[in-house]
Amino acid sequence: MVTPRNSLVLVLLAAVVLSVPGCRDGAEGGKAVTSPCAWVESAAPRPVAGLDALAAAYVRVDLAPDLGHLDATQRAVLDHLVAAGEVMNELYRVQATPCYEELAHLVQAYDGPDRAALARYFAINYGPWDRRLHYEPFFGAWPHPEGANFYPLDLTDAEKARIQDPAAGFNGLTTMVRRDQAGQLVAIQYGTFFAERLTEAAGHLRAAADKTENASLKAFLLARADAFLSDDYYVSDGLWMDVDSPVEVTIGPYETYEDGLFGFKASFEAFVTVTDPVQSQRLAKFKDELPWLEQQLPLPDADKNPNRGSESPIRVVDLVYSGGDTRAGVQTIAFNLPNDERVREAKGSKKVLMRNVMDAKFQKILTPIAARLVADDQLADVTSESFFLHTLWHEMSHGLGPGRIVVDGRETEVRLEHKDLYSTIEEAKADLMGIWDILALQAAGRDYFPAQITRQQPATYLAGLFRSVRFGIGEAHGAANAIQFNYLLEKGGIVLDEASGKFRVDHERFFPAVESLLREVLTVQARGDYAGAAALVKTYAVMPAALAKALENLEGIPVDIQPVFTHYPDA
Ligand code: ZN
């Protein structure tokens with residue numbers, strides 16, 4: 001339960017006159033509105049029909065990583081980190097949804113037959129708007145405010161222009177924009193707006209710092225606690241890069257996607273994780289292979305990039321608790337932070353892969369997809385281990401291949417030359433190179449993987465293509481997967497069995513086809529060839545009838561998971 005209890009904020013909020021298009025705000029005949037949430041309180045909203053089916057898109061799954069390797073001190077640290085994370089979760093609700101409390105009360109009071117689905121869907125979406133379906137309202141008819149709750153709901157065009165003017169001071173990453181008593185816009189630092197709860201969160205971080213025996217974690221926690229109230233996150237973002245502890249936390253205001261109006265404002269979130277010591281050791285060995293892999297890439301030597309090996313660190317962890325922005329809607333399996341470019345230049349960024357979230361998605365989504373679309377005799381080759389390995393090598397592959405390039409004697413970057421197509425081509429590269437890396441290491445006689453990997457990796461990759469294309473080919477990851485699927489089908493690496501409607505890997509043709517497409521992709525990158533990239537997208541990022549029909553077969557399979565953190569259940 002959160003309301004900003006800071007007295008200044010209460011004064012400011014009381015002065016806010018909200019009006020949401022399409023709903024009555026209780027102001028009649030020019031009478032002043034007393035409550036900023038009158039638009040909610042005066043309504044008797046109903047859920048949309050078919051809410052059960054909408055909620056069924058998210059399958060509930062227990063995430064209960066093994067904490068057996070932690071000692072009592074580390075468990076106590078974990079408790080405090082989760083408590084701080086729970087504050088992030090509550091603050092994010094305030095940021096995401098105007099009048100969250102009032103809306104939540106209406107959800108609680110609703111007693112129709114679909115009340116359980118409504119409560120669950122409201123919790124998944126952190127409000128009455130469907131994050132998976134373009135923020136369509138599913139409870140009531142209020143349109144989703146593009147700027148979430150970061151700005152007043154009744155901004156005029158002139159005010160919007162003012163907010164975008166950097167000189168006006170409203171575009172800060174960590175401010176809420178409100179109206180003062182005179183109705184003028186003011187920007188209030190998070191440290192002030194959310195003072196009471198952030199003080200509480202800071203207290204938990206300091207308590208954890210007090211207990212931990214890990215110096216790098218302690219330094220981060222103390223600096224982060226200060227940042228909550230000072231709104232200066234720079235130093236603590238840098239210290240987070242150095243954290244090397246079995247218990248870790250990623251906590252604060254990070255991503256700006258929730259601010260759909262301008263993308264200025266950062267949302268609170270938290271990931272509380274424990275590292276996987278076995279995977280981390282294995283990872284260190286994988287990293288040593290990157291220079292060798294760069295040398296083996298199907299690309300002329302002149303286009304190879306021997307200096308790219310030392311990029312971002314990667315960590316493999318299990319998620320113990322998540323809250324806030326990352327918990328809403330579709331769940332991430334990996335993140336790459338911090339976003340502050342100053343920290344990235346000085347120290348790079350850290351990629352964190354969440355093994356247990358990956359496993360949950362594998363069990364609940366990839367397995368049923370494979371059962372419907374992968375040939376029966378190859379089904380046993382679709383494995384959780386291969387799904388994890390592919391994700392891991394996908395991430396590492398972003399650091400291989402052309403980055404800075406020379407085009408017509410001009411120094412430039414692939415990103416600048418490929419512009420709007422960059423993400424699609426780069427994601428296709430990382431996917432292809434991810435599987436190519438594993439098969440190349442295996443072919444070279446390295447002993448990282450079991451012998452079955454040569455069957456398991458392609459079959460799992462095939463199932464993964466369907467999972468990604470399912471989100472649509474209008475977006476970079478979906479388009480990248482369509483390119484791979486259609487190319488491999490054309491070259492015979494993937495074969496459709498007309499009778500069963502299922503697909504199989506042709507193991508003779510698979511690797512050569514992957515390598516051939518990887519060569520094409522790397523070549524358009526090395527040349528900064530926009531026309532070549534566009535041709536690949538135009539030819540292969542399409543939805544042929546066979547693929548569309550396959551996707552129709554996936555109806556009823558959940559789209560994502562709803563995590564239940566067994567060690568730290570929601571109140
Ligand atoms: Zn990627």
Side-chain angles (χ1 to χ4, degrees), residues 250 254-255 257 271 283 286-287 289-290 293-294 297 305 308-317 326 330-339 344 348-355 357-358 361-362 365-366 386-404 413-439 457 460-485 487-488 514 517-518 520-522 524-526 533 536-537 540-541 560:
T250 304
Y254 287 107
E255 306 294 352
Y257 305 114
F271 303 86
L283 195 56
F286 287 167
K287 275 185 203 160
E289 298 285 5
L290 292 176
L293 284 163
E294 179 77 37
L297 290 180
N305 201 346
R308 276 194 88 187
S310 59
E311 286 208 0
S312 311
I314 297 182
R315 299 187 69 90
V316 180
V317 301
T326 186
V330 170
Q331 302 299 297
T332 189
I333 54 178
F335 58 89
N336 188 8
L337 289 171
N339 290 330
R344 284 182 172 238
S349 62
K350 189 157 68 180
K351 276 181 180 145
V352 182
L353 276 65
M354 293 175 286
R355 174 76 194 251
V357 181
M358 263 178 245
K361 292 203 189 205
F362 176 85
I365 300 163
L366 200 62
S386 281
F387 183 53
F388 166 70
L389 281 175
H390 189 239
T391 310
L392 180 63
W393 281 98
H394 170 113
E395 293 300 338
M396 293 207 281
S397 296
H398 276 307
L400 293 173
R404 290 181 195 277
E413 294 172 31
V414 178
R415 183 186 301 274
L416 299 174
E417 301 302 314
H418 279 184
K419 294 175 272 212
D420 56 311
L421 303 179
Y422 173 75
S423 294
T424 299
I425 298 296
E426 174 65 18
E427 290 307 326
K429 178 205 87 174
D431 273 347
L432 290 159
M433 202 188 285
I435 187 163
W436 182 92
D437 292 331
I438 297 166
L439 297 176
Q457 210 57 43
T460 308
Y461 164 94
L462 170 60
L465 290 177
F466 298 116
R467 187 185 80 96
S468 302
V469 174
R470 201 180 171 202
F471 286 106
I473 59 171
E475 156 287 335
H477 283 86
N481 279 274
I483 291 173
Q484 296 165 67
F485 178 86
Y487 187 96
L488 293 177
V514 163
L517 180 55
L518 178 59
E520 288 201 31
V521 165
L522 288 173
V524 296
Q525 287 194 326
L536 271 178
V537 170
Y540 294 108
D560 204 51

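Because the structure is a prediction, the values reported are computed rather than measured. Read the numbers this way: they start at 1 and go in the same order the structure lists the ligands and their atoms.
Aromatic ring orientation, F335 versus F271: parallel (interplanar angle below 30°, classes split at 30° and 60°).
Counting only N and O atoms by type, the side chains of Q525 and H418 include no donor and acceptor under 3.5 Å apart.
Residue pairs satisfying the salt bridge (Lys or Arg N to Asp or Glu O under 4.0 Å) criterion with at least one member in residues 469-479, sequence neighbours excluded, are absent.
Applying the salt bridge (Lys or Arg N to Asp or Glu O under 4.0 Å) criterion to E520, with sequence neighbours excluded, gives no partner residue.
The angle E427:OE1 - the Zn ion (ligand 1) - H394:NE2 amounts to 90°, with values rounded to 10 degrees.
The Zn ion (ligand 1) does not have E395 among its coordinating residues (no N/O/S atom, backbone or side chain, under 2.8 Å). Here H477 does not reach the Zn ion (ligand 1): none of its N/O/S atoms is less than 2.8 Å from the metal.
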